[in-house]
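Here the structure is laid out as structure tokens; the discussion comes afterwards.
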Amino acid sequence: MSSTPTGTADKIIAVGAENEYANVISQIGGQYVEVTSIMSNPNTDPHTFEASANVAKTVQAASLVVQNGIGYDDFMNKIEKASPNADRKVIDVQKLRGLPDNTPNPHLWYDPKTMPAVAKELVGDLSALQPAHASYFHDQQTKFLASMKTWTDAMETFKKQYGGTGVAVTEPVADYLIDASGLDNKTPWSMQAAIMNDTDPAPQDIATQDSLFKNKSVKVFLYNQQVTDDITTKFLGQAHSAGVPVVGVYETMPTDGYTYQSWMLAELTAIKKAIANGTSTEKL
């Protein structure tokens, strides 16, 4: 858990269940928010996260919460239910995007449609909490959307140059980005889902993935750096042996000076380097 300390009493206390959402809260709320992120360590498996008493206290004290939904951060619902607050603003990104509970891929922050929708909702909620600063929040949203264009414009250019290029993955962490960039994800969905849900992939799916490396049917391997096991490590070794460049992807935003949008751009840039130059970027 990490926070952005402020030390003034008139700031809106806000929580992002994942640090990428906390970062966007911070960008929109600026000087008028004090933001805490619950899951913020890019070196740990977020699927094994367990909320502590301190996390519960942090959420209970918040006037504004952003959480992912689709079962990814169910602990937030439990904490909110245990400490009901009619005045607390809760942005559930799943509900905001109008997605059903059975949406197969919960990693919504890789979808370029997600954060603009979150930013718009944040402006409304922050303005309701501090009406005097509504114009400031709108201005911050304008700046945010302008900076998002650097990533989305780069993605359109990338799509024209490299659309249709075959890639392999371990699980569907960056699948929304892969789809939006026009890439061809050749890893069977059933295998991605099995690894994501910590179950054993079918032998035929493993064989298909093996062949992608053996036959060099893919130009890049997107490897989730936060959820690894013997199977994903085996695939990583196969990619290395076959000379397939590896790009590390993350569920939690790396904390070394990234904003949400610069993180997304860095992932796209790493994929481009892998395809164009055969360069691996295993860690951002």
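Just the heavy atoms: all of them, side chains too, but no hydrogens, waters or symmetry mates, feed the values below.
For the atom pair CG of Leu96 and NZ of Lys113, the computed distance is 13.5 Å after rounding to the nearest 0.5 Å. For the atom pair Ser63 OG and Asp125 CG, the distance stands at 11.0 Å (nearest 0.5 Å). Remark: Asn105 CG to Leu108 CG distance equals 7.0 Å, nearest 0.5 Å. Residue Thr36 holds its OG1 atom at 11.0 Å from CG of Asn54, rounded to the nearest 0.5 Å.
Under the 4.5 Å side-chain contact rule for hydrophobic residues, Phe213 and Val247 do not share a cluster.
Gln261 and Ser147 are linked by a side-chain donor-acceptor pair at a separation below 3.5 angstrom, with hydrogens and angles left out of the test. Gln67 and Asn77 form a side-chain donor-acceptor contact under 3.5 Å, judged by distance and modelled atom types alone. Checked by atom type, the side-chain pair Ser211/Thr208 shows no donor-acceptor distance below 3.5 Å. At a cut-off of 3.5 Å, with distance as the only test, a side-chain donor of Asn23 or Gln27 sits close to an acceptor on the other residue. Side-chain atoms of Thr114 and Arg97 include a donor-acceptor pair closer than 3.5 Å. Residues Gln94 and Asp101 bring a donor and an acceptor atom of their side chains to less than 3.5 Å of each other.
Side-chain contact between Pro112 and Thr152: present, with at least one pair of heavy atoms (C-beta onward) separated by less than 4.5 Å.
Remark: the backbone N or O of Leu265 is paired with a side-chain donor or acceptor of Thr269 at under 3.5 angstrom. Asn197 places no side-chain N or O within 3.5 Å of a backbone atom of Thr199 that could act as its donor or acceptor partner.
Here side-chain hydrogen bond (donor to acceptor under 3.5 Å, both in side chains) pairs that include residues 235-251, with residues two or more places apart or in two chains, are His47-Glu251, Tyr72-Glu251, His107-Glu251, Asp210-Gln238, Asn224-Glu251, His240-Glu282.
For Tyr223 and Phe235, the distance between ring centers is not under 6.0 angstrom.
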